[in-house]
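Written out below as structure tokens is the structure these notes cover.
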Protein chains: 2
Amino acid sequence: MKPDFEKYSDGLVPTIVIDDNTRQVLMMAYVNEESFNLSMKTRQTWFWSRSRQELWHKGATSGNTQAIVSIDIDCDEDTLLMKVIPAGPACHTGHTSCFYRTILPEQAKEE
Amino acid sequence: MKPDFEKYSDGLVPTIVIDDNTRQVLMMAYVNEESFNLSMKTRQTWFWSRSRQELWHKGATSGNTQAIVSIDIDCDEDTLLMKVIPAGPACHTGHTSCFYRTILPEQAKEE
């Protein structure tokens, strides 16, 4: 089974990356068919950078590669979930996860 | 702080939904500005359905709404992470999560 790269006009499939040990959501990025195939083959995360419009081997320059433990696909085959063991922070800011800011905080619980 | 709805031409921001208790990734969907504002205001998940091209209040027909505990935003402000308490399965198939199939299994560990 492969993701449906024809489904949307850009040929991109959103991919959620979580830490296989902590289950923390680390980042979200897109794969095109080429980066998906590279991820499957090398068991490291490869994406398509929408801003740079180029193939992106995560960690190629920073050293913070992500070893893929497993890949899940969603019900309608247009989203992926990669479980990884990261070599370092996922975020270019140095944070473990790109999601390090809260815009809607948890409400105080009523007693 | 709000997501950057102008960043990509479709005005949509991908949103990862996880169970606040189990931390399981439940689904991924898109918000446009209107559904984002509704999610913030009502503390239930609202999305933009790309396939149906309409506003989508998750659970409106199935009853499987998702109460929002908190919302995080990523480093470049173009992806959201919603932590929710689901009233039922996230997936239309009845699975707890839309990611119920593995396409790249974990490798057998070497002894």
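So that the names make sense, note that chain A is the first sequence line, chain B the second, and so on, each numbered from 1.
For a residue to count as touching a neighbouring chain, one of its non-hydrogen atoms must lie under 4.5 Å from one of that chain's; by this rule V69(B) touches chain A with backbone and side chain alike. In this structure, no portion of H95(A) lies under 4.5 Å from any heavy atom of chain B. Looking at P14(A), the atoms closer than 4.5 Å to chain B (heavy atoms on both sides) all sit in the side chain, from C-beta outward. Residue contact with chain A, scored on non-hydrogen atoms closer than 4.5 Å, involves the backbone and the side chain of L80(B) alike.
Of the residues considered (M82(A), R23(A), E77(A)), E77(A) shows the highest number of contacts with chain B, using heavy-atom pairs under 4.5 Å. For chain A, the option among T79(B), D76(B), I103(B), D20(B) with the highest count of heavy-atom pairs below 4.5 Å is I103(B). Ranking H92(B), M40(B), M1(B), R50(B) against chain A, the residue ahead of the rest is R50(B), based on heavy-atom pairs under 4.5 Å. Chosen from P105(B), C98(B), S70(B), the residue pairing most often with chain A at heavy-atom distances under 4.5 Å is C98(B).
A donor-acceptor distance shorter than 3.5 angstrom exists from the side chain of R101(A) to the backbone of C75(B), with no hydrogens or angles considered.
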Chi angles and distances behind the side-chain contact (heavy atoms from CB on, under 4.5 Å) call for M28(B), L81(A): CA-CA 10 Å; M28(B) 205 286 300; L81(A) 174 63; over 6 Å; no
Worked verdict on F99(B) versus I16(A) for side-chain contact (heavy atoms from CB on, under 4.5 Å): CA-CA 11 Å; F99(B) 299 94; I16(A) 303 162; 3.9 Å; yes
Derivation of the side-chain contact (heavy atoms from CB on, under 4.5 Å) call for T102(A) and I71(B): CA-CA 6 Å; T102(A) 299; I71(B) 302 178; over 6 Å; no
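Expressed to the nearest 0.5 Å, how far CD of E106(A) lies from CZ of R43(B) amounts to 8.0 Å. Here the CG atom belonging to D10(A) is positioned 8.0 Å from the CG atom belonging to D10(B), to the nearest 0.5 angstrom. Separating the CG atom in D74(B) from the CE atom in M27(A) is a distance of 9.5 Å, to the nearest 0.5 Å.
Side-chain contact between L104(A) and I68(B) is present, with at least one heavy-atom pair separated by less than 4.5 Å.
Criterion: ILVMFWY side-chain heavy atoms under 4.5 Å apart, direct or through other members. Under it, L12(B) and V17(B) are not part of a common hydrophobic cluster. When the side chains of ILVMFWY residues are joined at heavy-atom separations under 4.5 Å, either directly or via intervening members, F5(A) and L38(A) end up in two distinct hydrophobic clusters. Both Y30(A) and V25(B) are part of a single hydrophobic cluster, where members link through side-chain heavy atoms under 4.5 Å apart. Criterion: ILVMFWY side-chain heavy atoms under 4.5 Å apart, direct or through other members. Under it, W48(A) and F36(A) are not part of a common hydrophobic cluster. If you chain together hydrophobic residues whose side chains sit under 4.5 Å apart, L26(B) and V31(B) fall into the same group.
The number of heavy-atom neighbours closer than 6.0 Å to CD of Q53(A), taken from other residues, nucleotides and ligands shown, is above 12.
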